[in-house]
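Only this structure's heavy atoms are used, side chains among them; waters, hydrogens and symmetry mates stay out. Worth saying up front: this structure is predicted, and the values here are computed from it rather than measured.
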Amino acid sequence: PRRACPKAPETPVQRLFNAMEPGTYIRPHRHARPNGWELMLAIHGRFAILLFNDQGKVADRFELSPMSGPVAVEIPANAWHTVVSLASGTVMFEVKEGPYTPVEDKDFAPWAPHETEIRAQTLLAWLTSAKPGESPP
């Protein structure tokens, strides 16, 4: 018989598909807890994962695609990060330790604007091509 995967936010391993289009702004954030790591795998399309230092300077950039690789990156706990879609129809598979806890304001990067601010579009445009060593506009 088929068994369904547990769907409750309390499950010890969270597994989910995320779909995003170019132009989607994911506010840079971190998971400030010892088990706050995330594993992201490219399923379709292409996306970038950016890691930052505390001031917002890009520490590392990984572009993932199932067609050209790499296909997976593990983001360490407490690392400031974001994801940027680089192709239409992008789908990623995310695995992280549970239970699910919504990101609170204190987990968002203080140098990153809220989604409703006009500056968010400026930051998103920069994130699309930002390279290690560069600082946000």
Side-chain angles (χ1 to χ4, degrees):
R2 291 177 67 185
R3 293 179 56 195
C5 292
K7 296 178 184 173
E10 301 80 29
T11 58
V13 178
Q14 301 287 303
R15 300 164 299 270
L16 58 140
F17 287 95
N18 284 324
M20 58 190 296
E21 293 294 316
T24 302
Y25 174 66
I26 306 295
R27 188 176 179 189
H29 61 282
R30 67 179 173 187
H31 305 286
R33 59 186 189 277
N35 68 341
W37 59 270
E38 295 178 88
L39 176 68
M40 294 193 181
L41 296 105
I43 303 300
H44 189 269
R46 187 167 63 97
F47 63 95
I49 295 172
L50 289 93
L51 304 179
F52 307 94
N53 70 11
D54 288 341
Q55 291 73 44
K57 184 183 285 189
V58 178
D60 220 334
R61 178 188 178 98
F62 305 94
E63 290 197 12
L64 286 79
S65 168
M67 301 304 288
S68 59
V71 296
V73 167
E74 185 172 313
I75 301 167
N78 295 299
W80 295 111
H81 64 281
T82 193
V83 179
V84 180
S85 176
L86 301 173
S88 186
T90 293
V91 178
M92 65 191 81
F93 185 69
E94 183 177 331
V95 179
K96 57 185 167 183
E97 241 182 280
Y100 170 75
T101 53
V103 174
E104 298 174 12
D105 284 342
K106 63 184 175 192
D107 286 321
F108 287 111
W111 44 265
H114 187 272
E115 293 86 353
T116 59
E117 293 181 50
I118 293 172
R119 296 182 310 128
Q121 290 306 309
T122 302
L123 185 63
L124 175 60
W126 174 75
L127 292 170
T128 302
S129 60
K131 296 177 180 36
E134 295 180 354
S135 295

Between the main-chain N or O of Ile118 and the side-chain N or O of Gln121, is there a donor-acceptor pair closer than 3.5 Å?
no
Using only atom types and a distance under 3.5 Å, with no angle test, would you say the side chain of Lys131 pairs donor to acceptor with the backbone of Ser129?
yes
Shortest non-hydrogen separation from [X] to [Y] and the atoms involved:
X: Ser85; Y: Pro22; value: OG-N, 3.3 Å
X: His114; Y: Ala120; value: O-CB, 3.5 Å
X: Pro136; Y: Gly56; value: CD-O, 3.1 Å

Please report the interatomic distance [atom1]([X]) to [atom2]([Y]), rounded to the nearest 0.5 Å.
X: Thr82; Y: Arg30; atom1: OG1; atom2: CZ; result: 14.5 Å
X: Arg15; Y: Leu41; atom1: CZ; atom2: CG; result: 13.0 Å
X: Asn18; Y: Thr24; atom1: CG; atom2: OG1; result: 10.5 Å
X: Phe47; Y: Met40; atom1: CZ; atom2: CE; result: 7.0 Å

Would you say that [X] contacts [Y] through its side chain, given a criterion of any heavy-atom pair below 4.5 Å between the two side chains?
X: Glu94; Y: Glu38; answer: yes
X: Ile49; Y: Ile75; answer: yes
X: His81; Y: Ile26; answer: no
X: Met92; Y: Phe17; answer: no

From CA spacing to verdict: side-chain contact (heavy atoms from CB on, under 4.5 Å), Phe62, Leu51:
CA-CA 9 Å; Phe62 305 94; Leu51 304 179; 3.9 Å; yes
Ionic contact status for Glu63 with Arg46, cut-off 4.0 Å
yes
For Trp80, what are the other residues in its hydrophobic cluster, where any two members join if their side-chain heavy atoms are less than 4.5 angstrom apart?
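Cluster partners of Trp80: Tyr25, Leu50, Phe52, Val58, Val84, Leu86, Trp111, Leu123, Leu124, Trp126, Leu127.
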Can you see whether Trp37 engages Glu97 through a side-chain donor-acceptor pair at a distance of less than 3.5 angstrom?
yes
Anything under 30° is parallel, anything over 60° is perpendicular, the rest tilted; go ahead and classify Phe108 against His29.
perpendicular
